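Accompanying notes for the structure given below.
The sequence lines fix the lettering, A, B, ..., with proteins before strands; numbering per chain opens at 1. As the structure is a prediction and not an experimental result, all values here were calculated from the model.
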Amino acid sequence: MMLEDHPFIDVDFSKDPHFVFGDTTPDGEKFLGMQEYGDVYETIDDSLVDGLIEQQEAAGGGSEWFIKYILNQLREGSCVGNAETAMQMILQALQFGLDNVILLSAISMYKQIGSSANSGANVADALDASANVGQLPLDTPENRAKFGSMVMPATGFSTPFPTGWKDTAKLFRTAKSLVVKNIAQMNTCLLNKHPVQVGRQGHSITYVKVFLKNGKRNYLYVNSWGDWGIPAGKMPYGFGVDSVSTGLQSSRWAYTTTQVVDYRGNAA
Amino acid sequence: MQNAFRKAGLGFGLCAILTTMGGAGLYALAPFGAETTTLTPADLDTVRAIVKEEVAKVIPPPAPVDPPVDPNKLTLEITGPDTALPGEMFELRAKTNSKHIRWKSKSSFKPYESGSVIVFSSPVAGSFDFELMGHSDSEVDSVTKTVVVGTPVPPTPVPVPPAPVTGPFSLFVIYDSNKQTPEVGQMAINLRAQAGADYLKSKGHTLEFLDPSVHAARLAKLGISGVADIPFLAVIDKSGKVVSRTQLTAPYSATAFLDLVKKAGG
């Protein structure tokens, strides 16, 4: 698909009927001491980025291939929970394989960080909750067979947590997350195949790839609006694209996860 | 005086023997023509000593007499070589007073037996025992002789080629996720969702990327320890055995990775 011909570039979320709330303002000083991506990974010099992008595309693409499931938040303001859920499943696919990805319940994350179905949430709180509490598997027959009643639906803020849910949720925690604070760090993340959860215009999405369009950098993200957007990887829909200027806006405060714990309960 | 007696010669000697045998006072029988000498009892003692000495020179002492042989005492002996070469024929003989004998041997090579003689040959080295049994009227006994053929050499183990290691395998890339690069990420995508994934799936292999700083407990359960050679590929077979461990070196690519998998048998 020719990206310039479709309507999913630089979507103005605030004007979209799916508009929901997502705030990226760090929660007070909670994350002031948190490591930045550039503290751990060598930031790729900007002069090398386009060449690496070309190599990536010649090799077949980026982390869009790790997407196994397109989330749908419906009319709830749970975008932050959905974007975090998408990122965690991408990491599962990277570490354990697409066949071993456990579909996760986005509402089990959002309920920890939002105050109501449409309150929206802070992206930084998702980083915190995913590292310290985790989330439950999605309510599917396969997951019920594995986790019994310790599952939750994708949506439904009023759905109560099952009793004792945290014991299962901790199997689906992030193990390593890092803050992204500029476009250079974000480009490095994406070229290293680390997804980035961002928030812009009140909506939170997960960037999966930086690529070139007409010689200019663009950012492919996975949304949580079901059969919305363009195809990518193995999925027939679900993706949107941000231009470099919108990407720059998104990169001012974001975070990435580079490792998740072993959901089979064997994690350290 | 003693010398005078010795000068008397052999004729006198014979007379002296008789004198010695007969006792004193036989000097009247002195040889004809000899000077007559009257012997005192002391002289007779001297003569007796001389005669005894001279007789001892002429008549050898009686040979020691064998102790009487007990006809009922059983004798058993095997004579023959103690060693032989592989393939060499040798014989063992029974030396015995037993009227009946019997040979016994435990070798898988049967000796040729002919009465008191057996003939044996072994094509292989080893130690062979031969037992000879016999009896007298009052007892039964046996003796055993061991013949060493060649130098016993422990059998050379026949090299058995290792059973070919075949999949499907559980593949584990053990790596420091803090050192992930675009190259590593691209390799992972290929192995997860592109041509590399197709190959792994066709062989039934599974693949995981584990960081010891996060998945130490899992690695311990898998029997994968040590991080000195990180990053490396650990290949585990169906029985749970780590069949290979190979360090991964740059440049990282799905092609190079799959070559390692194929070398491991997958």
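B:Gln194 places no side-chain N or O within donor-acceptor distance of the main-chain N or O of A:Trp65, the cut-off being under 3.5 Å. Not one N or O on the side chain of B:Arg218 forms a donor-acceptor pair closer than 3.5 Å with the backbone of A:Asp262.
Note that CG of B:Leu207 is 11.5 Å distant from CG of A:Asp99, once rounded to the nearest 0.5 Å. Atom CD of B:Glu208 is separated from atom CG of A:Asn100 by 6.0 Å, given to the nearest 0.5 angstrom. For the atom pair CD (A:Gln55) and CD (B:Glu183), the distance works out to 8.5 Å, reported to the nearest 0.5 Å.
Counting heavy-atom neighbours within 6.0 Å of B:Phe109 CZ, excluding the residue itself, gives a total above 12. Enclosure of atom NZ in B:Lys262 by more than 12 non-hydrogen atoms of other residues, nucleotides or ligands within 6.0 angstrom is indicated. More than 12 heavy atoms of other residues, nucleotides or ligands lie within 6.0 Å of NZ in B:Lys145, so this atom counts as buried by the packing criterion.
Looking at B:Ile189, the atoms closer than 4.5 Å to chain A (heavy atoms on both sides) sit in the backbone and in the side chain alike. Looking at A:Phe96, the atoms closer than 4.5 Å to chain B (heavy atoms on both sides) sit in the backbone and in the side chain alike. For B:Lys179, the part lying under 4.5 angstrom from a heavy atom of chain A is the backbone only. Within the 4.5 angstrom heavy-atom criterion, no atom of A:Leu178 approaches chain B.
Summarising the geometry of A:His194 relative to B:Ser177, their closest heavy-atom pair is CE1-O, 4.4 Å, with the distance given to 0.1 Å. Of all the heavy atoms in B:Val214 and A:Lys176, the pair that sits closest is CG2-CE, 3.9 Å. Nearest heavy-atom pair, A:Ala93 versus B:Arg192, reported as atom, atom and distance to 0.1 Å: O-NE, 2.8 Å. Shortest non-hydrogen contact noted between A:Gln259 and B:His215 is OE1-CE1, 3.3 Å.
Heavy-atom pairs under 4.5 Å with chain A peak, among B:Leu210, B:Thr181, B:Leu200, at B:Thr181. Per-residue counts of heavy-atom pairs under 4.5 Å with chain A were compared for B:Pro182, B:Ala197, B:Ala254; the largest is that of B:Pro182. Of the listed residues (A:Leu98, A:Leu94, A:Thr258), the one with the most heavy-atom contacts under 4.5 Å to chain B is A:Leu94.
A donor atom on one side chain and an acceptor atom on the other are not found under 3.5 Å apart for B:Gln180 and A:Lys193.
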